[in-house]
Amino acid sequence: MPRLLHGVFRRRRELLLDLVQCAAEAVTEYMSGADARPGIVVSIASAGDLLQWHPHGHLLVTDGAFSDDGAFRPLETWDADAVMKLFRERLPARLIERHAISQDLARRLLAWRHPGFSAHVGKAIPFEDKKAIEDVACYIVRNPLSLKKLVYLDGQKAVLYRSRMNPSLGRNFEAMDPLEWLARLADHIPDAGKHRTHFYAHYANRVRGERPSEELGHQKHEEEQPKKRRCSPSWARLIAKVFQADPLVCKRCGGPLKVVAYITHTVAIRRILDHLGLSPPEKPPPVDASMGPNRPGRGHAGTLAWLVEGLEGPEASRR
C-alpha cells in the first residue's frame with residue numbers, strides 16, 4: 001500500500017483487522033462465483049525486512065473455491081493485478097467508513113498513475129505436500145525479528161540489523177541506538193487480546209460450524225455419535241520444533257531414545273538426581289516474620305530468589 005497510509009494504521013492499530021478483511025474480501029470476490037467461496041487464512045504483518053513499520057497481510061488460500069454442495073472447483077489461473085485492483089477499491093472505502101481518511105484523500109489515491117498497491121501470488125502447492133504447506137503457514141506467522149540478523153556493537157553502543165537489500169533505502173542494514181531499536185521493536189507488539197491470524201470464507205468458524213448440518217441435509221442424528229478427539233502432536237515433536245533439539249535423541253551416540261517408565265515418586269527422583277549430580281539446592285531457612293520490609297532478605301530480589309529456589313526440583317515438576 002502507499003506509504004501515505006502507513007501512519008494511519010500505526011496510529012489506529014484496530015484498522016489492521018480491516019486491512020486483512022479487505023484483502024480476504026478481494027480474493028473471495030475474485031475467486032468465488034454465486035455459490036462458491038474459497039478457504040482463506042490471513043495473518044496480519046506489520047514489519048518490513050529491516051523491522052520498519054510496514055503494515056501488510058499474508059494470505060494462505062485454497063487454489064479454488066468450494067460450492068454449497070461441498071464440491072471443490074479449482075481455479076484455472078491467478079491474476080495478481082486483478083486482485084490488487086479489487087483490494088485497492090475496497091481499502092480506501094473501508095478507511096472512509098472508519099473515519100480514518102477523508103474522501104478527498106481517497107479520490108487522490110485512486111487517481112494516481114501508479115496504484116501504490118501491490119499483490120503477489122506465489123506458486124501453488126499440491127495438497128499432498130503437507131510439509132510445504134506447513135512451511136508456508138509457519139512463514140506467514142513468523143516473528144518480525146530474526147536474532148540471526150541482529151548484532152549488538154557493545155563498543156559503539158549501537159544495534160545493527162541486517163537483511164536483504166531494501167530498494168527504497170538503498171542498503172541492506174539498519175544501524176541505530178539501542179533505545180531507538182527497542183522502540184521500533186515495540187511497534188510490532190500486538191495489542192492485548194488481538195489475534196494476528198484469522199480465518200475467512202470456507203474456513204470461517206461460522207461456516208465450519210454450519211457445515212455438518214448442511215452435509216446431513218439439516219437432519220439430526222437419532223443418537224449422538226461420540227466425537228473423536230483430535231490427537232495432538234507428541235511432546236517430543238513439539239519440543240524439537242520449538243527448541244530445535246530432539247529430546248528423544250541420545251547426545252552421545254545420536255541414536256533414538258525410548259521412554260521406558262515415568263517416575264513420579266519423590267524419593268526415587270531425588271536419588272536419580274543425586275547420582276547424576278543434578279540435585280537442586282536446599283531450601284533457605286524461612287524468613288523471620290518480625291523482619292521489616294526494609295530489612296535484608298525482605299526486598300523483591302530476596303523474595304524472588306527464595307521463590308525460585310523453592311520451586312526448583314522434582315516437586316515443582318509435579319505441580
Side-chain angles (χ1 to χ4, degrees), residues 1 14-46 55-91 93-94 97 117-142 190 193-221 224-233:
M1 74 174 71
E14 71 276 7
L15 295 176
L16 291 173
L17 181 59
D18 294 279
L19 171 68
V20 295
Q21 284 179 348
C22 291
E25 292 171 1
V27 173
T28 302
E29 182 179 350
Y30 173 77
M31 296 182 62
S32 62
D35 57 348
R37 51 191 170 192
I40 304 175
V41 181
V42 179
S43 176
I44 300 175
S46 59
H56 59 286
H58 297 282
L59 281 72
L60 187 60
V61 187
T62 55
D63 196 19
F66 296 89
S67 60
D68 291 339
D69 57 1
F72 181 73
R73 301 178 181 178
L75 187 67
E76 295 183 359
T77 181
W78 279 91
D79 188 351
D81 188 61
V83 175
M84 181 273 296
K85 291 180 179 178
L86 292 173
F87 175 69
R88 184 191 179 196
E89 294 173 359
R90 289 179 174 272
L91 184 61
R94 182 68 62 86
E97 181 182 347
F117 296 85
S118 63
H120 170 73
V121 178
K123 295 181 179 179
I125 304 175
F127 71 92
E128 303 91 351
D129 195 349
K130 304 299 183 182
K131 180 64 169 57
I133 296 176
E134 184 177 354
D135 291 342
V136 174
C138 293
Y139 172 79
I140 66 174
V141 297
R142 71 189 188 280
K194 300 298 182 181
H195 296 281
R196 285 300 182 101
T197 305
H198 302 270
F199 302 87
Y200 292 99
H202 191 70
Y203 290 161
N205 293 335
R206 180 183 59 81
V207 176
R208 287 187 295 175
E210 296 175 352
R211 200 171 300 156
S213 59
E214 294 176 358
E215 294 175 356
L216 295 173
H218 301 283
Q219 296 180 358
K220 297 183 178 180
H221 287 285
E224 288 289 338
Q225 299 180 356
K227 295 182 179 180
K228 294 183 178 180
R229 184 178 179 182
R230 182 176 178 268
C231 297
S232 60

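All residue numbers in this chain count up from 1 along the given sequence.
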Going through the distances and angles, do H195 and L17 end up as a side-chain contact (heavy atoms from CB on, under 4.5 Å)? CA-CA 9 Å; H195 296 281; L17 181 59; over 6 Å; no
T62 side chain to G39 main-chain N or O, any donor-acceptor pair under 3.5 Å? yes
Do Y30 side-chain atoms and D79 backbone N/O form a donor-acceptor pair below 3.5 Å? yes
Where is the tightest heavy-atom contact between [X] and [Y], given as atom of each residue plus distance?
X	Y	result
T28	A201	OG1-CB, 4.2 Å
A24	I40	O-CD1, 3.6 Å
P38	G64	CB-O, 3.5 Å

For the residue pair [X] and [Y], establish whether any side-chain heavy-atom pair is separated by less than 4.5 Å.
X	Y	result
F87	L19	yes
Y200	V27	no
S46	R196	yes
V42	Y203	no
P74	D63	no
K194	L16	no
R73	S67	yes

Distance, nearest 0.5 Å, that separates [atom1] of [X] from [atom2] of [Y]:
X	Y	atom1	atom2	result
I140	L59	CD1	CG	7.5 Å
E128	K130	CD	NZ	7.5 Å
S43	L60	OG	CG	10.0 Å
E134	D129	CD	CG	10.5 Å
I133	C138	CD1	SG	12.0 Å
M84	F117	CE	CZ	9.0 Å

Have a look at H198 and tell me which of I44, V41, N205 forms a side chain to side chain contact (heavy atoms under 4.5 Å, CB included) with it. I44
Can you pull the salt bridge (charged side-chain N to carboxylate O under 4.0 Å, His left out) pairs that have at least one residue in residues 20-32, sequence neighbours excluded? E25-R90, E25-R94, E29-R90
By ring-ring contact (aromatic ring centres under 6.0 Å, His included), which residues pair with H56, not counting sequence neighbours? H54, H58
Counting only heavy atoms not in E76 (residues, nucleotides, ligands), do more than 12 fall under 6.0 Å from its CD? no
